Amino acid sequence: MITEKVQQVVDAWASARGLTELPACRLERPADEAHGDYATPLCLQLARAAGKPPRVLAEDLRAWLVADPELADLVEKVEVAGPGFLNFTLGQKAYAKVMTDLLAQGEEVGRGERRPHPRVNLEFVSVNPNGPLHVGHGRYAAYGDSLYRLLVFSGAEVSTEYYINDYGRQMDRFGRSIAARYAQSLGVDLPVPEDGYFGEYVKDIAAVLRDEVGDQYLPVLREVAESLAQGQSDAEPRSSAVGGTAVGAELEQEEEAEEEETAGLPSEWPSDSAVEEAVTFFRTRGCELMLKSIREELAAFGVEFDCWFSETTLHTSGRLQQVVERLLASGEAYYKGDAVWLRTSARGDDKDRVLIRRNGRPTYFAADIAYHEDKLERGFEHLINIWGADHHGYVPRMMAAVEILAGRPGVLEVIIGQLVNLMEEGETRQMSTRRGEMVTLAELIEAIGVDAARFFLVMRSHDQTLDLDLGLARRQSQENPVYYVQYAHARIASIIRNAPPDLVAAVGGDPQVYASPYERNLIKRLDSFSWVVQEAAARRAPHRLAAYAQDLAADFHVFYKHCRVIGAPPLLASSRLALCLVTKRVIARCLDLLGVSAPDSM
RNA sequence: GCGCCUGUAGCUCAGUCGGAUAGAGCAACGGACUUCUAAUCCGUGGGCCGCAGGUUCGAAUCCUGCCAGGCGCGCCA
């Protein structure tokens, strides 16, 4: 509030002095209390352009600020300090005014003005439906969902989306793995393919499908098993690559690196129509079941999506072929060496990329282009994708592709989240969906609960790799800062419960008195909430909300220690209760934006 | 080799796109419950902001080079 007022006067002053190129007049909270409640280095920044010493500018501006009657009412004094800082000390009225303003905003305190444009599409998680969510995915789920809530609260129009990679060889392997477990459970020794999925969850899916179809697919799989037994002499074990730890990363992708392209099913399995049909069944149903479980797990984690988009539909609807044809027609794509390429190198990529392979099959990239075209056609004006750091090499080509589709740059924004480093009692632990070695999100939630897990996963910058030691997390969950914040909320709820009804009813109607530094610090913190929201949204940095919530809780706990509410003289009591009420609302909002509950008692 | 991210207290990390004496939590030590919830509060100790230059009134922040760690660089998905 003070910031806006000061900005007005500064603008007037600047235009009167003929100063343009004005940097934003930031009011900072100085570390040293001797420097007032707020300070700005504006004049230092302006000195060069103005051709005057900063202190001279500051004195001049100070005169303007002091002369403004409205500002003079709020600010006790303005001082020129140091090399040219302007320090503001707030007066009594400023605190009452801020509080009146915050109270009037009710539950919506801090919410930004609604901006219907640009319509934003936010895609995140998008885990392949061939295994359970692990904690790495959990980080993107927590981050993406908090970002979504934050963007909406800051005023943006946002829709969330999960892209289902339910097409391609990865899914075939998944289907064959389920088929093998299905056969095994019925007494047929059909081994899981070497490039298949070995996790226990595959057996669970197989058991469900066995209940669904009985032994319907057993004969055909028995034939497969016999055929494999005959020709197994040339099978050689593939070395098991061990990559980094993996969060959005799927190790299986590395392991297939040198593999030959094959059109249909992998070579070991006979490729007749009956086998294909069986595999299709297990793949399709397995994918559905896996997706269902992923969906339920995310919902339990507090994460829901507006749209679940299937990659397969891009292939079956013809959209993929159509977009490639359009790109060829416009000259953005071309034939070379029997393959179709896209001119991404003309738009910042290292080289052009293949859309349609020599063998006629489209690349994953081509499907992604069709997908993003679909997003644009659905009316989205800004596309945000959250990817793991292991996909950052893919960014330039996708940016180029969307630039071509949209006809202008800047439509696609890719946020790269760093990975989660899994540790077990200090030892690095490798993860692989294929081998079924992972710490699942469900495990983490079971160990420390949704609130602590979400807070932990989102409280650090997404640009920072995150170390997670499950054993340590379990032991230290009581130290999770989320409880510190929640406790402040519960304490306030308790005060409100214990307060006389007439006191609660009177809140907001009284003139307010805030004289102590504990009350004033809390008010200043609350006053900055809307700025924090806008800043966190603009920088795609929900972790700032976590930091803010901790600061706010700390300010409250100190206030609580020193300032009694119930039993204080009536005017003071209602003023303080108002402060409690606003604090409670802001804490609850912060926690909600982080997907964390705000309990009334602990 | 090239590209992206990171390097801040013993540990985990903030640091408001260049501001005043670099912050918090945990860990260590010492205090505070007869009062609205002690999951709290108060105090103490702890730092070549990876290293070296540069830009300027001013650098953890911007630029260059180096060092270290993570990730990536397919007609894989």
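Since we're looking at a predicted model, the values are computed, not measured.
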Query raised in the report: A:Arg29 side chain N/O closer than 4.0 Å to the phosphate oxygens (OP1, OP2) of B:G19?
Result: no
Query raised in the report: Are the ring of A:Phe85 and the base ring of B:G19 both nearer than 5.5 Å at their centres and tilted by less than 30°?
Result: no
**Report entry** Residue whose closest nucleotide on RNA chain B lies nearer the 5' end, A:Ile416 versus A:His35
**Finding:** A:Ile416
Report summary line: Winner on side-chain proximity to A:Leu44, out of B:C41, B:C76, B:C57, is B:C57
Report summary line: Contacts of A:Met602 and A:Phe365 projected onto RNA chain B by closest heavy atom; the upstream (5') one is A:Met602
Query raised in the report: What distance, rounded to whole Å, do you find between the two C1' atoms, one in B:A22 and one in B:G58?
Result: 15 Å
Query - Length of the line joining A:Phe559:CZ and B:C42:P, which is rounded to integer Å - result: 14 Å
Query raised in the report: Just checking, is any N or O donor in the side chain of A:Asn165 or A:Tyr364 under 3.5 Å from an acceptor N or O on the other one?
Result: yes
Report task. Would you mind reading off the distance between A:Leu46 atom CG and B:G19 atom P, rounded to a whole angstrom? Result -> 15 Å
Query - Short side-chain N/O contact from A:Arg544 to OP1 or OP2 of B:G15, under 4.0 Å - result: yes
Report task. Rounded to whole angstrom, note down the P distance from B:G69 over to B:C63. Result -> 23 Å
Query raised in the report: So what's B:C48 paired with, Watson-Crick or G-U wobble, going by both distances under 3.5 Å?
Result: none
Query raised in the report: Between B:A77 atom P and A:Arg283 atom CZ, what is the distance in whole Å?
Result: 14 Å
Query raised in the report: Using atom P of each nucleotide, how far apart are B:G74 and B:G3 to the nearest Å?
Result: 16 Å
Query - Phosphate OP1/OP2 of B:C41 contacted by A:Tyr484 side-chain N/O (<4.0 Å) - result: yes
Query raised in the report: If we take the C1' atom in both B:G1 and B:A20, what is their distance in whole Å?
Result: 45 Å
Query raised in the report: If we take the C1' atom in both B:C17 and B:C76, what is their distance in whole Å?
Result: 38 Å
Requested in this report: Take the protein atom OH of A:Tyr548 and the nucleotide atom P of B:A24, then report the distance between them rounded to whole Å.
Outcome: 18 Å
Report task. Would you please say whether a donor-acceptor pair under 3.5 Å links the side chains of A:Ser461 and A:Gln464? Result -> no
Requested in this report: Quick one: label A:Pro41 by what it contacts on the DNA or RNA (base, sugar-phosphate, nothing), any heavy atom closer than 4.0 Å.
Outcome: base
**Report entry** Out of B:G72, B:C57, B:C76, whichever nucleotide has its closest atom nearest the side chain of A:His392
**Finding:** B:G72
Report task. Answer yes or no: does a side-chain N or O of A:Gln418 lie under 4.0 Å from OP1 or OP2 of B:C4? Result -> no
Query raised in the report: Touch check for A:Cys563, heavy atoms < 4.0 angstrom, all strands: base, sugar-phosphate only, or nothing?
Result: base
Requested in this report: For B:G72 and B:A59, measure between their C1' atoms and round to the nearest Å.
Outcome: 31 Å
Query raised in the report: Has A:Arg491 got a side-chain N or O lying under 4.0 Å from the OP1 or OP2 atom of B:A38?
Result: yes
Query - Between B:C49 and B:A14 - C1' atom distance, rounded Å - result: 13 Å
Query raised in the report: Should A:Arg48 be listed as having a side-chain N or O under 4.0 Å from OP1 or OP2 of B:C57?
Result: yes
Requested in this report: Considering only atom C1', compute the distance from B:G25 to B:U35 and round it to an integer number of Å.
Outcome: 29 Å
Query raised in the report: Does the ring of A:Phe556 carry A:Arg491 above it, NZ/CZ under 6.0 angstrom from centre and within 45° of its axis?
Result: no
**Report entry** B:A20 base / A:Asn87 side chain donor-acceptor hit below 3.5 Å
**Finding:** yes
